[in-house]
Novice: 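Following this message is one structure expressed as structure tokens.
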Amino acid sequence: MKCVLMVAEKPSLAASLANILSNGKAITRKGFNGACSIHEWNGVFRDINVKFKFTSVCGHVSGLDFVGKYNSWNLCDPVDLFSCGVEKKEATPKLKMPQFLASEARGCDFLVLWLDCDKEGENICFEVMDAVSNSIRNVRSSQVTYRAKFSAITEKDIKHAFNNLQYPNENEAKSVDARQELDLRVGCAFTRFQTKFFQGRYGDLDSSLISFGPCQTPTLGFCVARHDEIQQFKPESFWYVQVTIDPEQKLEWQRVRIFEKEIAMIFFNIVKDQKEAIVESVTSKENFRSRPLALNTVELMRSASSGLGIGPHVAMQIAEKLYTQGYISYPRTETTTYPTNFDLRGVLKMFESSNEYGEDAKNIQNNFCQPRKGEDCGDHPPITPSKLASRNDFDNDTWRLYDFIVRYYMGTLSKDLKYRSTVTRFLIDGEVFTNTSNVLIDAGFTKVMTWQAFGKNELTTPFSKGDRVPIKDVKLIESQTGPPSYLTEADLISLMEKHGIGTDASIPVHINNITQRNYVTVEAGRRLKPTTLGIVLVHGYQKIDPELVLPTMRSAVEKQLNLIAQGSADFRAVLRHAIDIFRLKFQYFVTNISNMDSLFEVSFSSLAESGKSHSRCGKCRRYMKYIQQKPARLHCSHCDETYSLPVGGIARVYRELKCPLDDFELLAWSNGNKGRSFPFCPYCYNNPPFNDMTRGSGCNSCTHPTCQHSLSSLGVAQCIECDKGILVLDCTSSPKNWKLGCNSCDCIINCFEDALKVSVDEEACNDCGAQLLQVLYKQTNTPFSDGDDKKTGCIFCSNEFMPLIEKHKAVENRRLNSTRGRSSRGRGKGGRSHRGRPKPPKDKMAQLAAYFV
DNA sequence: GCAAGGTC
């Protein structure tokens with residue numbers, strides 16, 4: 001029997017599409033990658049009986065990256081990133097997606113692609129075809145591979161798509177390839193250049209990465225634009241006449257306010273001596289506030305931020321969790337209209353038994369309103385609740401978001417809010433004042449969406465035309481115009497949506513980025529206030545090349561890319577043109593960076609003047625400065641060199657010891673009292689002296705043959721927790737604390753408390769191959785039963801050491817293993833070199849010689 | 001250590 005492989009963009013969609021197409025008959029099994037399932041059934045495809053297999057990918061199968069050395073920050077000039085090679089790589093290696101697809105496709109004759117119907121989906125179609133090209137013959141043929149085009153996940157739509165299969169659109173897919181390549185080259189080139197440039201000059205930037213991106217930078221731009229408005233705002237004084245009538249009620253002046261005091265005074269003088277206001281007219285009309293459209297992602301994020309105080313990133317994480325647990329429908333959609341056959345009442349029914357919502361759900365069913373017609377974007381149905389939950393099922397924020405989604409859903413099926421608005425016009429010697437009073441007629445959807453409840457302001461006594469109302473008080477009030485506030489997250493989301501910056505799925509990522517990178521902070525009310533770094537960056541772009549931060553930049557690029565999608569321009573030509581433009585922009589940016597730098601200069605302190613005097617430079621013997629702000633560095637202002645330091649923790653001067661290779665003073669890095677620690681040479685850490693030592697290593701990885709701090713001198717045994725590392729004696733906090741620490745993982749073994757001295761012996765243990773240790777105690781407090789103050793033994797095998805070694809599960813295991821090993825196989829696991837002292841590098845003298853040259 | 005876009 002012929003076999004048809006069908007592929008959707010995500011596991012959940014594969015399940016629901018298979019269910020529709022098989023009329024519920026599909027049998028499901030889990031795929032070997034643990035993430036995707038395969039749904040199988042027999043049916044008819046193009047008039048023949050076939051077996052169907054429906055599975056999915058998880059988003060993109062592949063992603064783009066630079067080739068080889070261009071991934072390294074130190075091995076190439078950022079400008080090379082505009083011309084160097086790029087290659088496709090597996091997007092998520094642990095999912096083994098190409099392998100999974102290839103194996104499921106084996107033996108299949110046809111491929112039907114059910115990826116989301118947007119350009120990204122079209123691009124993934126071709127990624128899937130690539131992945132199965134060795135499994136399905138002629139996969140590029142339009143007689144083998146088909147594309148289903150659907151706009152809603154409804155039986156009608158899906159079956160229609162199945163009966164009208166097409167071929168995937170290569171032009172649309174290509175336009176995505178172009179976008180990927182352009183974003184990669186431009187983003188990484190600018191990011192690397194400006195990060196290295198500014199980190200090499202300033203010590204208090206408080207940022208480990210100064211990134212640029214075609215979406216994140218305009219996003220930051222919005223926040224800084226508002227900041228600039230606030231800064232440039234000049235308050236203006238204005239005056240208004242405030243009349244209070246009896247019974248007490250303030251009236252609104254029809255002129256609202258006046259910016260010249262003298263003129264305001266004239267009106268005030270007219271009104272102030274009057275005793276009565278005459279009712280000129282009373283008009284009344286019914287107004288309404290519409291119930292909401294069905295909920296989509298952007299609105300969910302906006303409301304979560306402004307109403308619940310939950311940021312978009314976290315909101316989406318919670319929504320994702322609610323979705324995978326079945327409480328709500330798929331939370332990423334732009335659509336704001338329910339599918340035609342959606343069981344609106346069924347969902348309400350589900351809530352009838354709920355303590356929280358039961359009463360509302362019944363009321364709404366009795367007064368059921370058809371939802372408003374929104375937009376169908378052809379992606380997924382709006383976000384709706386799909387399972388009843390109660391308060392105890394979740395933590396507080398999860399409950400609040402779930403509650404919001406339930407109430408919003410009920411709101412969309414409720415009546416509009418209705419109120420009566422009555423405007424009373426008063427005349428006071430020719431001046432017009434009004435009072436507007438609103439009276440609620442029907443709370444409508446705000447009965448469930450209580451946060452939108454109607455603020456009442458009823459007039460205590462209604463008036464009729466011709467009434468003469470006593471005036472209680474007349475005042476001339478002086479006030480000032482105020483600046484706008486910082487942008488709220490909700491405002492920012494709206495701006496991004498309006499300018500097409502990011503997508504519903506990536507908007508929270510960009511906002512999160514600019515906060516994580518320390519360009520903006522989230523203030524009370526989730527308002528986004530730019531930091532000095534954020535402001536200086538945006539102002540710098542504006543000085544050098546304003547287009548870099550303009551929100552229109554993204555859409556201009558998208559426009560070009562759309563030419564590819566429409567087939568009216570050649571992929572290569574458009575891409576080359578766009579890359580050329582950005583390369584020129586980049587080069588212009590680099591040559592004019594001093595314009596941005598002059599702004600940095602004002603706000604940040606140069607490396608030379610930041611940090612504290614710390615340890616000596618091996619080249620000039622002068623003290624270098626220790627800059628503790630992220631990323632921690634040592635800076636020698638005399639040599640104008642900067643040395644990076646291990647991430648986190650603290651690097652203190654290590655007993656004024658020096659590296660025998662370069663004369664730099666050694667430092668002891670430690671990550672808290674009980675954490676890892678090791679000595680290192682700041683020069684070797686950045687410029688490893690031996691081939692078998694990687695950048696970012698301490699002395700505990702150094703193969704120097706004679707230095708007393710090196711791995712060669714202090715290595716004891718292979719690590720008991722990881723495969724790669726070696727346990728090295730760590731003397732940096734001796735004699736208070738002695739410990740063995742792995743030079744690769746976090747494994748630490750504390751030992752020999754209060755010993756005067758611990759050192760690594762020349763000999764190795766006969767039983768397990770570990771290097772022996774010599775331990776010396778004060779005569780007065782030796783722990784050994786025979787009264788000796790000095791012993792040599794094995795940390796794993798010597799009985800008299802056992803009580804002096806921290807109880808460590810892995811140590812116990814190793815002891816057991818080595819005992820067992822002895823009885824069954826003679827001696828340990830067989831004296832491999834890594835067990836004892838690690839082999840010194842083969843040609844160490846040659847390496848040393850090379851280093852000194 | 002880098003972008004933006006999918007999704008887990």
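Note that this is a predicted model, so its numbers are computed, not measured. Letters go in sequence order (proteins before strands), and every chain restarts at 1.
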Novice: Given dC2(B), dC8(B), dT7(B), which nucleotide is nearest the side-chain atoms of Glu9(A)?
Specialist: dT7(B)
Novice: Looking at every strand, decide which applies to Asn123(A) at a 4.0 Å heavy-atom threshold: base, sugar-phosphate, or nothing.
Specialist: nothing
Novice: Taking side chain to side chain contact (heavy atoms under 4.5 Å, CB included) as the test, write out the residues that go with Ile158(A), two or more places apart.
Specialist: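 In terms of side chain to side chain contact (heavy atoms under 4.5 Å, CB included), with neighbours along the sequence ignored, Ile158(A) is linked to Leu17(A), Ile20(A), Leu21(A), Trp114(A), Phe150(A).
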Novice: As a test of reading the structure: which of dT7(B), dA3(B), dG5(B) is closest to the side chain of His60(A), going by heavy atoms?
Specialist: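 Selected nucleotide (nearest to the side chain): dG5(B).
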Novice: In terms of side-chain geometry, is the basic nitrogen of Glu87(A) or Lys89(A) positioned less than 4.0 Å from the acidic oxygen of its partner?
Specialist: yes
Novice: Nearest to the side chain of Glu120(A) - dG1(B), dA3(B), dG5(B)?
Specialist: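 Of the options given, the side chain of Glu120(A) lies nearest dG5(B).
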Novice: Would you please test Gln542(A) and Val549(A) for side-chain contact (heavy atoms from CB on, under 4.5 Å) and show each step?
Specialist: CA-CA 7 Å; Gln542(A) 285 166 344; Val549(A) 69; 4.0 Å; yes
Novice: Within the structure shown, what part of the strands sits under 4.0 Å from Tyr330(A) by heavy-atom distance: base, sugar-phosphate, or nothing?
Specialist: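 Tyr330(A): backbone/sugar contact only, no base atoms under 4.0 Å.
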Novice: Using the six-membered ring for Trp and the full ring for Phe, Tyr or His, decide whether Trp73(A) stacks on the six-membered base ring of dG1(B) (centres under 5.5 Å, planes under 30°).
Specialist: yes
Novice: Respond yes when some side-chain nitrogen or oxygen of Gln180(A) is under 4.0 Å from OP1 or OP2 of dA3(B), and no when none is.
Specialist: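 So the side-chain polar atoms of Gln180(A) never come under 4.0 Å of the phosphate oxygens OP1 or OP2 of dA3(B).
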Novice: Measure CG/Asp65(A) against C1'/dG6(B) and give the value in whole Å, please.
Specialist: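 Distance, rounded to whole Å: 16 Å.
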Novice: Pick base, sugar-phosphate or nothing for Pro78(A), based on heavy-atom distances below 4.0 Å to the nucleic acid.
Specialist: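 No contact at all - Pro78(A) keeps every heavy atom at 4.0 Å or more from the nucleic acid.
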Novice: Does a side-chain N or O of Arg179(A) approach OP1 or OP2 of dG6(B) to a distance below 4.0 Å, or not?
Specialist: no
Novice: So which one's nearest nucleotide on DNA chain B is more toward 5', Ser12(A) or Ser208(A)?
Specialist: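 Its nearest nucleotide lies further toward 5', so the answer is Ser208(A).
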Novice: The side chain of Ser211(A) is closest to which nucleotide in this list: dG6(B), dG1(B), dA3(B)?
Specialist: dA3(B)
Novice: Given dT7(B), dC2(B), dG5(B), which nucleotide is nearest the side-chain atoms of Lys10(A)?
Specialist: dT7(B)
Novice: Taking atom C1' of dG6(B) as reference, at what distance in whole Å does atom CG of Leu113(A) sit?
Specialist: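 Between C1' of dG6(B) and CG of Leu113(A): 16 Å.
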Novice: How is Phe212(A) classified with respect to the nucleic acid when contacts are heavy atoms under 4.0 Å: base, sugar-phosphate, or nothing?
Specialist: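 If one applies the 4.0 Å heavy-atom cut-off, Phe212(A) turns out to touch the sugar-phosphate alone, with no base involved.
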Novice: With a 4.0 Å cut-off on heavy atoms, is Glu558(A) in touch with a base, just the backbone sugar-phosphate, or nothing at all?
Specialist: nothing
Novice: Of Phe600(A), Phe604(A), Phe193(A), which meets ring pair (Phe, Tyr, Trp, His ring centres under 6.0 Å) against Phe198(A)?
Specialist: Phe600(A)
Novice: Among dG1(B), dA4(B), dC2(B), which nucleotide sits nearest the side chain of Asn74(A)?
Specialist: dG1(B)
Novice: Could you check whether Arg185(A) gets within reach of a base, just the sugar-phosphate, or nothing at all, counting any heavy atom under 4.0 Å?
Specialist: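 Touches nothing.
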Novice: Evaluate whether atom NZ of Lys387(A) has more than 12 neighbouring non-hydrogen atoms of other residues, nucleotides or ligands under 6.0 angstrom away.
Specialist: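 Yes, because the 6.0 Å sphere around NZ of Lys387(A) holds more than 12 heavy atoms from other groups.
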Novice: With Trp669(A) as reference, evaluate Phe680(A), Phe678(A), Tyr626(A) under the ring pair (Phe, Tyr, Trp, His ring centres under 6.0 Å) test and give the passing residue.
Specialist: Phe678(A)
Novice: Distance check needed: dG6(B) C1' versus Met97(A) CE, whole Å only.
Specialist: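 Those two atoms, CE and C1', are 11 Å apart.
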Novice: May I ask you to evaluate whether Tyr323(A) reaches the phosphate of dT7(B), defined as a side-chain N or O under 4.0 Å from OP1 or OP2?
Specialist: no
Novice: For DNA chain B, what residues of residues 491-515 of chain A have any heavy atom nearer than 4.0 Å?
Specialist: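 Gly502(A), Thr503(A), Ala505(A), Ser506(A), His510(A) - these, ordered by number, are the residues of the stretch whose heavy atoms sit under 4.0 Å from the strand.
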Novice: Base, sugar-phosphate, or nothing: which does Leu64(A) touch, judged by heavy atoms less than 4.0 Å apart?
Specialist: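 Touches a base.
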